[in-house]
Amino acid sequence: LQKLIHLLQATDDPLIQEQALITLSNSAAFSVNQDIVRNLDGLSVIGGMLSDCVPKVKEKALNALNNLSMNIKNQEEIQVYITQVCRNVESAPLNSDLQLAGLRLLTNMSVTSDYHHKMINSIPCFLHLLSEGTERTQLQVLKVLVNLSANPAMTRHLLQAQV
């Protein structure tokens, strides 16, 4: 895991970055690896890939963070990327794998109400995706919206959102 994280930092080759992110994402299926990646500062390295200009690299970084977000301590570190993830969802092509990867991460990050406030500005986008997206996109957006709607503090924001 340490070598994969170092590889991500050392290369600009998108194909190598994609493969390293896929491997890190797969390794996150084991909870012990989630802690190891966090302790090796891997979350910030992977989070840094969200600003990459290559959509496939961003998508694989989102998938890795999604799998790593199953851990409360990891969520505390990943939450700093929520605004950027929301921007990626908004700017990604409609129904793209990149957009779905961002929505999956937002679903996990919205299971508890701790970070709902960071998603408020994206509610109009979520409602637009619910209206315009394919069934896969709609399903993922609904998961985020259901999580947000479980928080009474979000009611006003959800009901007043301009679509």
Side-chain angles (χ1 to χ4, degrees), residues 1-112 114-126 128-129 133-134 136-141 143-145 147-148:
L1 293 175
Q2 186 175 32
K3 288 182 182 191
L4 285 169
I5 292 166
H6 286 302
L7 181 61
L8 275 179
Q9 292 173 305
T11 186
D12 289 331
D13 184 331
L15 294 175
I16 293 173
Q17 291 172 333
E18 279 184 60
Q19 290 306 310
L21 287 164
I22 289 169
T23 305
L24 284 167
S25 183
N26 291 340
S27 71
F30 303 99
S31 57
V32 66
N33 290 343
Q34 294 173 5
D35 292 331
I36 292 170
V37 170
R38 182 184 66 253
N39 292 333
L40 292 171
D41 200 32
L43 297 175
S44 65
V45 173
I46 296 168
M49 307 303 286
L50 295 178
S51 58
D52 197 285
C53 59
V54 179
K56 280 290 183 192
V57 172
K58 279 191 221 183
E59 175 197 336
K60 301 308 184 219
L62 287 165
N63 288 337
L65 289 174
N66 181 48
N67 289 349
L68 290 161
S69 73
M70 300 298 188
N71 175 312
I72 295 296
K73 287 184 179 177
N74 285 357
Q75 280 194 1
E76 291 171 3
E77 289 190 33
I78 293 170
Q79 60 93 15
V80 301
Y81 302 107
I82 289 176
T83 304
Q84 188 173 5
V85 172
C86 288
R87 280 195 308 266
N88 283 339
V89 167
E90 291 175 29
S91 64
L94 183 62
N95 306 314
S96 64
D97 289 337
L98 174 59
Q99 191 172 62
L100 288 167
L103 288 168
R104 281 191 296 271
L105 176 55
L106 292 175
T107 299
N108 281 351
M109 295 301 292
S110 65
V111 169
T112 66
D114 296 345
Y115 311 115
H116 286 180
H117 63 282
K118 293 182 175 237
M119 299 179 205
I120 289 172
N121 292 335
S122 293
I123 291 173
C125 171
F126 299 152
H128 171 75
L129 293 176
T134 61
R136 282 178 51 193
T137 301
Q138 290 172 337
L139 181 62
Q140 208 57 57
V141 170
K143 290 177 182 182
V144 175
L145 290 171
N147 288 345
L148 295 177

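Within the 4.5 Å cutoff, the side chain of His116 has heavy atoms near those of the Ser110 side chain. Using a 4.5 Å heavy-atom threshold, the side chains of Ile5 and Asp41 count as separate. Taking 4.5 Å as the limit, some side-chain heavy atom of Met119 sits within range of a side-chain heavy atom of Leu148. Two residues are said to be in side-chain contact when any heavy atoms from C-beta on lie closer than 4.5 Å; Arg38 and Leu68 fail this criterion. Side-chain contact between Glu77 and Ser44 is absent, with no heavy atoms from C-beta onward closer than 4.5 Å. When side chains are defined from C-beta on, Phe126 counts as touching Leu106, because their heavy atoms get closer than 4.5 Å. Counting heavy atoms from C-beta outward, Glu76 and Tyr115 have side chains that approach closer than 4.5 Å. With a 4.5 Å cut-off on side-chain heavy atoms, Val85 and Leu65 do not count as touching.
Minimum heavy-atom separation, Cys125 to Val89: SG-CG1, 4.5 Å. When every heavy atom of Asn74 is checked against every heavy atom of Gln34, the shortest pair comes out as ND2-O, 3.3 Å. The heavy-atom pair separating Lys58 from Asp52 by the smallest distance is CE-O, 2.6 Å. Contact between Ala64 and Ile46 at its shortest, heavy atoms only, is CB-CG2, 4.1 Å.
Although no hydrogens or angles enter the test, the distance criterion places no donor-acceptor pair under 3.5 Å between the side chain of Thr11 and the main chain of Leu7. Between the side chain of Gln99 and the backbone N or O of Asn95 there is at least one donor-acceptor pair closer than 3.5 Å.
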| Under the side-chain contact (heavy atoms from CB on, under 4.5 Å) criterion, do Ile78 and Asn108 qualify, and how do the steps go? | CA-CA 11 Å; Ile78 293 170; Asn108 281 351; over 6 Å; no
| message | Apply side-chain contact (heavy atoms from CB on, under 4.5 Å) to residues Arg136 and Asp97 and explain how you reach the verdict. | response | CA-CA 10 Å; Arg136 282 178 51 193; Asp97 289 337; 3.9 Å; yes
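Ser51 meets the side chain to side chain contact (heavy atoms under 4.5 Å, CB included) test with Gln84; sequence neighbours excluded.
To the nearest 0.5 Å, atom CG of residue Leu129 and atom OG1 of residue Thr134 are 9.5 Å apart. Rounded to the nearest 0.5 Å, atoms CE (Met109) and CD (Gln75) are 4.5 Å apart. With rounding to the nearest 0.5 Å, the separation of CD1 in Ile72 from CE in Met70 is 11.0 Å. From Lys60, atom NZ reaches atom CD1 of Ile22 across 4.5 Å, with rounding to the nearest 0.5 Å. To the nearest 0.5 angstrom, Leu1 atom CG is 11.5 Å from Asp35 atom CG. Considering NE2 of His128 and CD of Glu90, their distance stands at 10.0 Å, rounded to 0.5 Å.
Screening Leu62, Thr137, Leu139 for a side chain to side chain contact (heavy atoms under 4.5 Å, CB included) involving Leu103 leaves a single residue, Thr137.
More than 12 heavy atoms of other residues, nucleotides or ligands lie within 6.0 Å of CG in Asp114, so this atom counts as buried by the packing criterion.
Note on Lys56 versus Glu59: salt bridge recorded, some NZ/NE/NH1/NH2 to OD/OE distance being below 4.0 Å.
Listed by first then second residue, pairs satisfying side chain to side chain donor-acceptor pair (under 3.5 Å) with a partner in residues 16-31 read Ser25-Asn67, not counting sequence neighbours.
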